[in-house]
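Heavy atoms only: backbone and side chains are in, while hydrogens, waters and symmetry mates are out. Naming: A, B, ... by sequence-line order, numbering from 1 per chain. Note that the structure is predicted; figures quoted are calculated from it, not measured.
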Amino acid sequence: MNLSKSTIPWGALGPWIALAITCLFFTSQSSRFLSGENLSLVLQQVMVVGVIAIGQSLIILTAGIDLSCGMVMALGGVVMTKFAVDYGMNPYLAIVCGLLVTSCAGLLNGLLVTRVKLPPFIVTLGTLNIAFAITQIYSEAQTITNLPPAMTFLGNTFNIGSTEVSLGTVTMLVLYGLAWFVLRETAPGRHLYAVGNNPEAARLIGISVDKVLVVVYALAGLFYGIAALLSVARTGVGDPNAGTTENLDAITAVVLGGTSLFGGRGIILGSLVGAVIVGVFRNGLTLMGVASVYQTLITGVLVILAVAADQMSRKGAR
Amino acid sequence: MNLSKSTIPWGALGPWIALAITCLFFTSQSSRFLSGENLSLVLQQVMVVGVIAIGQSLIILTAGIDLSCGMVMALGGVVMTKFAVDYGMNPYLAIVCGLLVTSCAGLLNGLLVTRVKLPPFIVTLGTLNIAFAITQIYSEAQTITNLPPAMTFLGNTFNIGSTEVSLGTVTMLVLYGLAWFVLRETAPGRHLYAVGNNPEAARLIGISVDKVLVVVYALAGLFYGIAALLSVARTGVGDPNAGTTENLDAITAVVLGGTSLFGGRGIILGSLVGAVIVGVFRNGLTLMGVASVYQTLITGVLVILAVAADQMSRKGAR
Amino acid sequence: MNPKVIQPLVMQAKGITKRFGQVVALDGVDFELRAGEILAVIGDNGAGKSSLIKVLSGANTPDEGEVLLDGKPVFFRSPIDARRAGIETVYQDLAVAPAMSIAENLFLGREILKPGFIGQLLRLLDKKEMLAQAIARMNDLKVGIRSMTQAVETLSGGQRQCVAVARAAAFAQHVVIMDEPTAALGVKEGNMVLELIRRVRDKGLPVILISHNMPHVFEVADRIHIQRLGKRAAVVNPKTISMSDTVAVMTGAKTVDELPAEALA
Amino acid sequence: MNPKVIQPLVMQAKGITKRFGQVVALDGVDFELRAGEILAVIGDNGAGKSSLIKVLSGANTPDEGEVLLDGKPVFFRSPIDARRAGIETVYQDLAVAPAMSIAENLFLGREILKPGFIGQLLRLLDKKEMLAQAIARMNDLKVGIRSMTQAVETLSGGQRQCVAVARAAAFAQHVVIMDEPTAALGVKEGNMVLELIRRVRDKGLPVILISHNMPHVFEVADRIHIQRLGKRAAVVNPKTISMSDTVAVMTGAKTVDELPAEALA
Amino acid sequence: ADAPVIGLITKTETNPFFVKMKEGAKAEAEKAGAKLMSAAGKIDGDTAGQITALENMASAGAKTIMITSAGDAIIPTVKKIQAKGVQVIALDSPFEGADALFATDNYKAGVLIGQYAKAAMAGKPVKIAMLDLFPGHPVGAQRHNGFMAGFGLKANDAKSNELSTAPEIVCANDTNGDRAKGQTAMENCLQKDPGINVVYTINEPAAAGAYNALKKAGKEKGVLILSVDGGCQGIKDTEAGIITATSQQYPLKMASMGVAAGVEYAKTGKKATGYVDTGVTLIAKNAIAGVDSKDTKVGLDLCWGKK
Ligand SMILES: Nc1ncnc2c1ncn2[C@@H]1O[C@H](COP(=O)(O)OP(=O)(O)OP(=O)(O)O)[C@@H](O)[C@H]1O
Ligand SMILES: Nc1ncnc2c1ncn2[C@@H]1O[C@H](COP(=O)(O)OP(=O)(O)OP(=O)(O)O)[C@@H](O)[C@H]1O
Ligand SMILES: [Mg+2]
Ligand SMILES: [Mg+2]
């Protein structure tokens with residue numbers, strides 16, 4: 001059992017190779033692709049999914065899954081913008097309230113998974129529906145506009161050389177650095193891996209498995225809240241319809257990034273690479289002027305090819 | 001590792017209890033719910049997802065997952081109807097062609113999983129996109145109408161007492177019976193469980209793991225093809241937009257039915273119960289006259305409650 | 001340890017019953033562990049040895065009966081509680097995280113943190129120190145493992161067992177429990193573990209040793225708890241009983257009444 | 001078996017090398033198994049015993065070297081190939097499907113089908129027959145398991161091992177390989193397995209037995225292959241060598257040149 | 001000079017409405033010697049996907065982008081790329097800040113079929129089933145509320161995204177504009193109240209699904225099915241008596257006007273402005289006194305899709 005799950009078919013270097021292959025391909029196809037401006041754009045486009053993928057990665061590393069991530073993010077965005085606009089709350093306070101709501105949603109997931117011992121798939125399927133409905137009901141399905149500038153400051157940009165860099169991109173990168181460091185260099189980080197790798201052993205060794213899980217789900221909620229803030233900053237509105245596709249996108253980013261859905265194996269930076277790969281596909285294909293149906297087709301083929309090429313290359317190296 | 005994954009939180013009886021709880025609830029809320037006519041309707045509504053869920057169950061039992069199921073079904077439906085209508089092919093032959101196409105899609109998934117050793121999530125994410133695009137391109141996004149009656153005969157009904165039963169429902173039930181029997185009573189069925197439970201042990205014992213996997217994916221494709229036929233029979237058209245929500249619905253049915261996403265544990269009849277639970281929710285809530293947003297909200301809460309109630313009851317029994 | 005002086009009871013269990021569905025794994029077992037002794041627990045396969053020590057280590061909660069530590073009733077809801085009380089256990093199915101390295105497994109759940117306030121607050125790992133200590137511990141057992149950063153799943157069966165043994169021996173404060181620690185070990189490595197068990201006892205910690213290896217048991221045990229069919233069949237003294245009588249009681253060929261009085265302990 | 005008559009080689013391996021990344025598990029090992037003998041393979045933990053037999057059973061493919069069966073070179077790409085050649089193996093990490101029942105595990109991969117054309121065509125399981133045979137096989141080993149329909153994951157460590165041993169003994173046609181089959185077994189059960197091994201040999205099948213238990217090895221082995229640091233250190237004759245000399249070679253305290261000539265086999 | 005590049009971003013790439021819009025734009029662009037780029041959200045409501053498409057198209061050199069907005073979340077991005085000299089034209093769905101809007105009035109489309117239904121029922125007691133899109137969608141809300149207003153029921157105005165209710169509405173359910181889900185929704189509604197005699201549907205596939213359900217229950221006679229879109233299949237269904245009346249819209253017209261504006265901007269640098277209503281026509285097989293409708297022959301002439 002252990003052995004079989006250990007043969008990681010898609011290791012630590014894999015995602016980088018896949019990304020490199022993809023980028024090479026698009027560079028050969030479009031001269032605009034490799035410009036600083038375009039790449040900065042891609043990073044801005046993936047920052048929301050990228051930050052969601054941090055939370056999702058933590059959960060998948062514990063052998064769980066979170067279907068509710070996109071909807072919890074939408075809820076957070078609606079709460080923080082509505083608090084600021086409709087109730088005239090101080091924008092920073094409103095942001096904190098939004099983060100609190102998403103963290104609580106995560107906490108709820110965690111408690112249901114640990115206390116009631118429900119499968120994460122079922123729990124988060126439930127909260128997916130609940131968060132969606134509450135978002136629609138609370139926002140009355142209306143986009144929230146006229147946000148105070150303090151809410152969208154993460155959308156601002158600064159220049160490095162001639163390339164525009166958005167604060168949101170920087171935020172995402174910093175969060176990844178942080179998560180990577182914590183997972184690698186701190187005791188709680190290692191406990192998370194142990195819980196995902198062999199929960200029974202973790203329990204016997206004396207790690208409080210439930211506590212680790214609850215913290216992970218709540219933290220993931222916090223990341224979704226930050227993603228909500230980024231999404232608000234990027235779009236300039238509180239959008240009740242945000243987050244619909246982010247669900248599958250985030251899980252895809254994590255899996256493309258080489259993290260095992262069986263838990264305990266994976267590197268969080270891979271999820272960033274995974275998210276970027278998805279963004280690069282979309283950007284590159286548009287630059288090539290591929291019609292949207294064919295974009296879908298090519299994306300499907302490329303996802304398989306990119307991962308397979310890496311797989312092959314590592315087989316040769318063995 | 002083994003021990004931890006063995007504590008099945010949602011056992012063989014669970015889904016039936018959850019279904020019973022759900023039905024009791026709706027019976028108390030609406031006098032129409034428990035009529036034969038209504039229940040027969042619910043079965044017709046779930047037959048497509050139910051048959052997809054058979055294929056999905058087989059794959060999940062091997063510790064895989066198939067994201068492409070809904071789109072492969074749509075492709076199958078378009079192919080069989082277009083062959084019959086546009087090319088004037090004999091309807092039965094057209095159906096066989098459709099089944100062939102979906103089986104080949106499944107086979108492709110299986111080969112990529114076993115030969116190239118890619119994670120099923122990535123492979124089927126790829127084929128999801130590919131099947132979607134091909135369906136749209138091939139059908140020119142047009143619904144195919146004016147089908148020969150031979151294509152929709154599974155939509156016909158007969159009466160048992162005063163209750164109408166559709167041939168499609170019967171097909172679904174027969175397929176479940178068949179799958180259940182094969183999994184329980186034949187050598188290949190047990191091999192499938194062994195491969196999902198401990199692939200390394202299955203390999204060492206001398207089971208051809210790859211062969212089992214390829215057959216499973218191809219068979220799943222065949223089931224998606226049958227689901228396509230049911231969908232065509234039910235709606236009377238070939239619909240390129242079919243199958244968009246069936247993906248998550250089918251996985252939900254399987255998980256609600258008590259099959260572990262980690263493979264090797266679960267009973268296929270549970271997936272039928274899971275599919276019915278989803279259908280009962282939708283039907284019951286409509287009968288209660290709940291507005292759609294609130295339906296989503298309540299579905300979320302009920303999914304969690306139903307599974308949790310069963311969980312509790314079994315805790316007490318221990 | 002002087003066998004004449006009766007040492008105080010460190011751990012005691014009374015009337016422990018544990019059922020798994022239909023199977024009664026433990027059927028009212030009593031158990032006593034005295035200060036500073038090596039107590040061997042032996043019995044046929046399925047006699048309930050592992051089930052018994054899982055109750056003592058908090059991994060399982062008994063259906064009936066109570067556990068006393070230093071004469072006070074304790075209730076371990078989880079292995080964490082037992083560990084807090086200073087009880088370390090080597091489990092038969094080796095509680096290790098296969099994807100993690102040897103050093104990480106050794107220190108899992110009680111990592112060495114970087115010194116200083118920041119290190120403690122952020123719980124930063126002192127990887128260098130852990131690696132150094134891991135090498136020292138494993139050298140104690142003379143296991144030829146090349147790299148402590150290698151994942152445990154790449155180790156041979158015996159090497160894996162050594163990791164679990166080294167962990168328990170290193171951290172115990174009160175009681176050490178070992179469930180078949182030498183089962184997969186070679187002659188040399190097995191002897192190292194026996195030596196280690198003696199060293200632990202000599203530090204003053206009592207050791208519970210489950211083993212099927214009679215020569216090993218008779219070599220190190222101060223007393224032997226014989227488990228049979230979910231019950232305690234007898235407690236015997238290896239200095240005064242023959243190996244064949246012990247095996248006879250264990251397999252049910254003899255009952256405890258047929259033993260000479262001085263064989264009991 | 002008459003030791004004077006040199007029996008033909010059933011299985012032979014020449015210059016097998018197997019590397020795992022940096023680790024050289026096998027470093028040009030030679031190996032010979034003769035007809036009708038029990039060949040023990042001993043060695044320290046990590047000496048490469050399991051790696052060696054995994055090559056012989058098709059579970060691993062060697063980087064270099066070749067395997068001969070009855071004098072003909074064979075290339076096992078998977079355990080299925082070896083099994084087809086009649087080679088049955090008990091692996092150290094017990095290849096069982098934990099969620100499946102004992103009876104199912106015993107017959108996994110070669111189920112008994114219902115008689116008649118339909119049964120063969122549809123590959124219908126004859127569950128009754130399998131259950132009956134499972135009970136018979138397990139009774140041979142005198143393991144007190146109550147129900148053959150119980151999942152393997154609910155068994156004690158030793159009971160689990162018995163399942164694997166019973167499976168190998170029942171189906172072998174050519175060679176039986178056992179990697180530490182008695183490691184987790186009690187005294188009684190361990191002796192039953194030794195007895196079983198002798199019975200298999202007496203049926204004419206050669207047995208490869210990996211064990212750390214020297215008394216067991218000396219009790220049943222006809223020849224002993226001593227593995228050390230990934231190489232074959234010596235092949236000795238248990239009738240003419242002392243246990244301490246054997247252990248000395250195994251641990252490297254003595255080299256093969258220091259042994260008396262008659263000790264070698 | 002290079003051919004001007006014109007972008008078209010639709011809500012999804014599966015709805016025939018948008019598929020036809022795209023085809024129309026492509027044909028028009030070819031005629032005018034422009035290059036068309038297309039993209040779409042993954043599902044309806046996928047604003048993030050549309051934003052990404054806006055940025056990528058601007059980056060790829062498009063000077064005019066037509067978009068059927070999935071929500072106001074796209075507005076800041078629209079402003080950003082307008083600042084870089086890109087003309088952004090709203091098609092079908094209005095949003096603030098677009099240079100021009102070529103659209104149909106979805107609320108009015110609802111009003112037209114509402115009025116028709118009201119007249120057809122001629123004061124008889126009504127039991128209405130509403131087969132909607134999904135929660136929170138502006139088009140869904142506008143058609144729904146417009147229908148109610150046209151029927152003379154109290155309803156939210158055109159700006160609201162909330163679905164109004166009334167005692168006459170005995171059942172409301174989501175269909176995602178999908179045929180199979182329309183059928184399921186109608187089946188369940190008929191269980192709730194077998195006496196339903198007016199069915200509002202969000203689009204023609206949902207209407208066809210609803211008809212299937214009614215027919216299976218033996219109730220297809222005497223029940224009004226109203227819909228919106230005017231696709232060729234929908235008109236044929238109207239001719240066949242499956243749909244009683246539908247409000248026809250003109251996606252091809254929107255697209256071709258957009259392309260023309262794009263070419264104009266590339267040539268002269270003059271941006272299009274203002275709102276052009278591309279119109280909506282009530283198509284019914286049987287005209288009713290007091291309600292202005294066209295017959296299906298007219299509808300078929302003007303319809304989009306495979307004739
Ligand atoms: N989780 C479980 N579920 C069901 N039965 C169990 C479980 N754990 C143990 N048992 C049963 O309880 C009995 C005692 O098992 P236990 O593991 O304590 O034996 P043991 O004395 O340690 O044997 P061994 O020497 O083989 O390790 C066995 O019959 C076993 O099948
Ligand atoms: N899959 C693997 N990856 C990396 N190293 C491995 C792997 N399998 C075995 N090894 C290494 O190869 C060496 C030989 O291992 P092997 O399992 O053959 O030893 P063994 O003689 O069977 O030991 P034991 O008596 O402890 O079972 C060990 O150092 C082990 O760490
Ligand atoms: Mg045990
Ligand atoms: Mg070994």
**Q.** Parallel, tilted or perpendicular: rings of B/Phe262 and A/Phe262 (30°, 60°)
**A.**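 Ring orientation of A/Phe262 relative to B/Phe262: tilted.
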
Which portion of [X] sits near chain A, non-hydrogen atoms under 4.5 angstrom:
X	value
B/Ile298	neither
B/Leu302	neither
B/Leu112	side chain

Just so I understand: if I count every heavy-atom pair under 4.5 Å between each of A/Leu128, A/Ile137, A/Val123 and chain B, which residue has the most?
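That would be A/Ile137.
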
### Task
Verify side-chain hydrogen bond (donor to acceptor under 3.5 Å, both in side chains) between B/Thr259 and B/Ser57, making sure each step is shown before the conclusion.
CA-CA 8 Å; B/Thr259 297; B/Ser57 300; 5.3 Å; no

Measure across B/Pro240 and B/Val78 and return the closest heavy-atom pair with its distance rounded to 0.1 Å.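 Looking at all heavy atoms of both residues, the closest pair is CA-CG2, 3.7 Å.
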
- prompt: What residue in B/Thr299, B/Val301, B/Thr252 has the most heavy-atom pairs under 4.5 Å with chain A?
  reply: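 Of the candidates given, the most pairs with chain A belong to B/Thr252.
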
Most contact-rich option vs chain A, by heavy-atom pairs under 4.5 angstrom, among B/Leu297, B/Ile65, B/Val303, is B/Leu297

(message) Would you say CZ of B/Phe25 has more than 12 non-hydrogen atoms from neighbouring residues, nucleotides or ligands within 6.0 angstrom?
(response) yes

For A/Asn109 and A/Thr124, which I'm curious about, is there any donor-acceptor pair between the side chains at under 3.5 Å?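 No, A/Thr124 and A/Asn109 have no side-chain donor paired with an acceptor closer than 3.5 Å.
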
